[in-house]
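Data block below; observations after.
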Amino acid sequence: MSSSRHCTHCTSTSFTRDDDTGQLYCDSCGVTQPYDQFESNLGGITGPQGTYIHIGTAGSGTLYSYRDRKLLSAGTSIEQFTNRLGLASKTIEINSMISNITDGEFGQGDWFQVLIGACCYVVMRKHKRPFSMDEIANAVNCDVYELGRMIIRVVDFLDLRGSDFPEFDIVHMLKRSIDSCNCFEKVDRSLVDRMKKQGIFLLQCAVKLFLSTGRRPLPLVVAVLVLVVEINQVDVRLEVLAKEVHAIVSTCRTRYKELLETLVKVAKVLPWGKDITKKNIVKNVPFVMQYMEKKSMSNPVEKSTSVDQTGLDLGDVVTECLTQEEEYEYGVDGLVLRKDSQYFSSQSNADREGIRDVEALQISPECLSLMYENFLNDNRSAMSSRSANVQKRRRVEFDFQECSEWWNGESEMSKQLILKQLLAKDIGVETMPPSFINGQLKCKMRREKINAAKKRIKRITHPLQADLDDTVNIGILDSTGPEKRKKRRGMVVDGIDWEDLIIETLILHQVKEEEIEKGHYNTLLGLYVFNSGIV
C-alpha cells in the first residue's frame with residue numbers, strides 16, 4: 001500500500017502491514033518501520049479483551065515448572081559469575097562440581113552465589129592458579145569468612161586431600177596481581193618484567209624468613225610489590241595497590257613494616273649495616289637484595305670455629321710475624337726480643353721456621369693481637385700489604401661499587417621454587433616467625449593480666465589474706481598508677497581496661513587459665529558465661 005510517510009532507510013513510500021504484529025515494513029528494503037498502531041488498553045466495558053493466563057504457568061504459552069526455572073536461573077548465575085572472574089573456560093568444570101554437590105538440584109538465593117564462589121576457588125586451587133578469597137568475596141558480595149566456611153564444606157564433601165588440593169601458590173598471586181592491576185598499565189613492559197622477577201625473589205625471601213607463616217598471603221604480596229615499585233621509582237601508592245587486589249590497607253601496612261624490619265636485620269652484614277634503620281632501608285634495599293642473591297647462589301659451607309669470619313686470618317698473621325727480620329720477633333709479653341733472648345734461646349732456628357700453626361704457639365688471642373699490632377706499627381709496608389690483601393679479598397667476595405647493574409636476576413630464587421628447595425637456600429640470615437614472636441608476647445601479657453586479676457579478686461574476697469605489698473607494686477591495681485589513656489574499645493579507668501574485666505569474668509566462672517591465655521574471649525564468654533546456666 002502507498003502512504004504519505006517515507007521509509008526510514010530508503011525513503012520509499014511503499015509499505016506492507018504484517019498480519020501478526022500489525023507493524024509496517026518497507027516493500028523495497030524490508031526494514032520494519034516504527035510502530036504506529038498504539039491502542040490504549042485502558043477502557044471500560046467496551047475496552048479490548050486481555051489474554052487469560054493459566055494458573056501455574058510462567059507466562060502466556062509456557063509450561064515451565066519451578067525446577068526448570070531454578071535450573072535455568074542457576075546456569076545463568078554460574079555463567080555470569082565465571083565471566084566476571086574471567087573463568088569462562090572453567091564454566092563446565094564448575095557447573096559439574098556444583099551439580100555433584102547438590103545432586104543435580106542446584107539452587108537459588110544468596111547461599112547459592114556463595115557456593116558458586118567457593119567452587120570457583122576450589123577449581124582454580126586444584127589447577128595451581130588460585131584466586132584470593134578477598135577477590136571472590138568481593139565479586140559474590142559476601143563476607144570473606146562466610147566464603148571460607150563454604151570452601152571448607154566443599155573441600156570436606158569432595159574429600160580433597162594432598163595433591164588434589166595443593167597449597168596456596170603465593171608466587172602465582174604476585175604474578176597475577178602485577179598483570180591484572182591497572183596501575184601498571186602505563187609502565188614500560190620491560191620494567192614490569194624486571195619488577196616481577198624482583199618481586200618473586202623478595203617474596204620467596206620473605207617466605208624463607210617466615211614472614212608468611214600464620215599470615216594471610218595477599219597483604220604480604222602487596223607489601224612486596226610496594227617495596228619493589230619504590231626501589232624502581234614507580235609512582236604507585238600502597239592504598240591504591242591494596243584496593244586493586246581487594247586487600248585490607250591496615251594489614252598491608254603491618255606486613256610492609258615487618259618486611260622492612262626483617263630487611264634491616266639482613267642489612268647488618270653490610271659494612272655500613274649498623275647505620276641502617278627502617279627510615280633509610282629502602283635506599284639500601286638494592287644492596288641487601290644483591291647480597292641475598294649472591295648468598296643464595298653460593299655453595300653451602302660447613303660451619304667451623306675458624307676466626308676468618310672476623311676479617312683477621314691468624315694463620316697469615318703468624319706467618320708474617322715469623323718471616324720478617326729477626327729483630328722484630330715478639331714474645332707473649334709484647335716486647336721486642338732479640339736473637340739472644342731467653343725465650344728463643346731454647347729453640348733452634350729450624351724449630352722457629354717450622355712453627356706455622358696457631359695452635360702450636362700456645363699464645364692467647366689477646367697477646368697475639370697485641371703482637372700483631374706492634375708489628376704493624378713498626379712495619380708500615382706490611383700494613384699496606386695486608387690492607388691491599390683484605391681489599392682484594394673483599395672485592396672477590398662482594399663489591400657493590402664495581403656493580404654497574406645491581407640486579408642480575410641470576411639466582412634460582414628469581415624463579416618459582418617448591419617449599420623444600422626454598423628452605424634449603426641460604427640468604428645470609430635466619431629469623432623466627434613474627435607471628436610466633438607476637439603470639440608469645442601476647443600470651444605473656446595475658447599471663448600477667450591473669451595474675452593481676454587473681455590478686456584483685458583475692459583482695460576483695462579475702463582482704464585479710466591479700467598481700468598488700470604485691471598489689472601496690474602492680475600498676476594495674478594501683479589507683480594512682482598509669483594515666484588514663486584511650487584504648488580501641490573504650491577508656492582505661494584506673495589502669496584497668498576492657499580486657500582485664502573480661503579476664504576477671506572468665507576467672508570467676510572457673511575458666512582454665514590456659515584457655516584464657518589463647519585470647520579467644522568471645523568463644524569463652526559464649527561457652528562459660530552466657531550459656532553457663534543451660535544444661
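Heads up: numbering here begins at 1 and tracks the sequence.
- The minimum heavy-atom distance between Glu504 and Ile457, with the atom names listed, is O-CD1, 4.2 Å.
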Report task. Give the intermediate values and the outcome of salt bridge (charged side-chain N to carboxylate O under 4.0 Å, His left out) for residues Glu239 and Arg237. Result -> CA-CA 5 Å; Glu239 294 79 5; Arg237 298 182 60 186; 3.6 Å; yes
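- Counting only residues at least two apart or on different chains, the side chain to side chain donor-acceptor pair (under 3.5 Å) pairs with a member in residues 82-95 are Thr82-Thr91, Glu93-His127.
- Inter-residue side-chain proximity for Leu227 and Leu263 is flagged as met; some heavy-atom pair is nearer than 4.5 Å.
- The closest side-chain heavy-atom distance from Val192 to Arg189 is below 4.5 Å.
- Between Lys444 and Arg447, every side-chain heavy-atom pair lies at or beyond the 4.5 Å cut-off.
- With salt bridges taken as basic N to acidic carboxylate O contacts below 4.0 Å, none links Lys265 and Glu430.
- With hydrogens and angles ignored, the 3.5 Å screen pairs no side-chain donor or acceptor of Ser96 with any backbone N or O of Ile92.
- Applying the salt bridge (charged side-chain N to carboxylate O under 4.0 Å, His left out) rule to Lys454 yields the partners Glu513; only residues at least two apart in sequence or on another chain are considered.
- Note: Ser180 OG to Lys175 NZ = 14.0 Å, rounded to the nearest 0.5 Å.
- For the atom pair CG (Leu203) and NZ (Lys208), the distance works out to 14.5 Å, reported to the nearest 0.5 Å.
- Of the possible donor and acceptor atoms, one in the side chain of Thr76 sits under 3.5 Å from a partner among the backbone N and O of Leu72.
- Residue Val144 comes nearest to Met133 through the heavy atom pair O-CE, 3.7 Å, listed as atom of the first residue, atom of the second, then distance.
- Summarising the geometry, atom NZ belonging to Lys512 is positioned 10.0 Å from atom NZ belonging to Lys518; distances are rounded to the nearest 0.5 Å.
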Report task. Carefully, step by step, assess Glu515 and Leu506 under the rule side-chain contact (heavy atoms from CB on, under 4.5 Å). Result -> CA-CA 10 Å; Glu515 296 182 359; Leu506 294 175; over 6 Å; no
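- Tested against Asp169, the residues Arg129, Lys128, Gln416 include a single side-chain hydrogen bond (donor to acceptor under 3.5 Å, both in side chains) partner, Gln416.
- Inter-residue side-chain proximity for Gln108 and Tyr66 is flagged as met; some heavy-atom pair is nearer than 4.5 Å.
- Closest non-hydrogen pair, Leu417 versus Gln204, comes out as N-OE1, 3.0 Å.
- With hydrogens and angles disregarded, no donor-acceptor distance shorter than 3.5 Å links the side chain of Asp110 to the backbone of Cys142.
- Residue-environment remark: CZ (Phe165) exceeds the threshold of 12 foreign heavy atoms within 6.0 Å.
- No donor-acceptor pair under 3.5 Å is formed between the side chain of Asn284 and the backbone N or O of Ile281.
- Residues Arg216 and Leu218 form no side-chain contact, since every pair of their non-hydrogen atoms from C-beta on lies 4.5 Å or further apart.
- Atom CD in Glu448 sits 11.0 Å away from atom CG in Asp500 (nearest 0.5 Å).
- Using a 4.5 Å cut-off on side-chain heavy atoms (C-beta onward), Cys120 and Phe81 make contact.
- Annotation for Glu79: atom CD does not count as buried by contact number, only 12 or fewer foreign heavy atoms lying within 6.0 Å.
- Annotation: side chain of Leu147 is not in contact with side chain of Tyr121 (no heavy-atom distance under 4.5 Å).
- With sequence neighbours excluded, no residue satisfies salt bridge (charged side-chain N to carboxylate O under 4.0 Å, His left out) with Arg153.
- Under the 3.5 Å distance criterion, the side-chain polar atoms of Asn232 are left unmatched by any main-chain donor or acceptor of Val234.
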Report task. Go through Met292 and Met413 one step at a time and tell me if the side-chain contact (heavy atoms from CB on, under 4.5 Å) criterion holds. Result -> CA-CA 10 Å; Met292 292 191 296; Met413 295 185 67; over 6 Å; no
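- Rounding to the nearest 0.5 angstrom, the gap separating the CG atom in Leu225 from the CG atom in Leu241 is 5.5 Å.
- Nearest approach of Leu71 to Glu105, heavy atoms of both residues: CD2-O, 3.9 Å.
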Report task. Apply side-chain hydrogen bond (donor to acceptor under 3.5 Å, both in side chains) to the pair Ser435 and Asn438, showing each step before the final yes or no. Result -> CA-CA 5 Å; Ser435 57; Asn438 294 338; over 6 Å; no
Query raised in the report: Can His172 and Met124 be said to form a side-chain contact (heavy atoms from CB on, under 4.5 Å), step by step?
Result: CA-CA 11 Å; His172 169 74; Met124 298 307 295; over 6 Å; no
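- Note that CE of Met445 and CD1 of Ile450 are 10.0 Å apart. Values are rounded to the nearest 0.5 Å.
- Looking only at distances, no side-chain donor or acceptor of Arg255 sits under 3.5 Å from a matching main-chain atom of Leu220.
- Side-chain atoms of Ile503 and Ile507, non-hydrogen and from C-beta on, do get closer than 4.5 Å to each other.
- Between Tyr521 and Trp498, the angle of the ring planes goes over 60°, which puts this pair in the perpendicular group of the 30/60° scheme.
- Other residues, nucleotides and ligands contribute more than 12 heavy atoms inside 6.0 Å of the NZ atom of Lys70.
- Across all their heavy atoms, Ile427 and Tyr291 have their closest contact at O-CE2, 3.8 Å.
- Side-chain contact annotation: Ser65 with Asp68, donor-acceptor N/O pair under 3.5 Å present.
- Taking both residues in full, the closest heavy atoms of Tyr256 and Val226 are given as CE1-CG1, 3.9 Å, listed atom of the first, atom of the second, then distance.
- Remark: Lys283 NZ is loosely packed, at most 12 non-hydrogen atoms of other residues, nucleotides or ligands lying under 6.0 Å away.
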Query - Trace of the side-chain contact (heavy atoms from CB on, under 4.5 Å) decision for Leu160 with Arg125 - result: CA-CA 11 Å; Leu160 299 177; Arg125 182 85 171 262; over 6 Å; no
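- Crowding of Asp179 atom CG: a count of heavy atoms from other residues, nucleotides or ligands under 6.0 Å exceeding 12.
- No more than 12 heavy atoms of other residues, nucleotides or ligands lie within 6.0 Å of CG in Asn141, so this atom counts as exposed by the packing criterion.
- In the displayed structure, Lys425 atom NZ is contacted under 6.0 Å by more than 12 heavy atoms of other residues, nucleotides or ligands.
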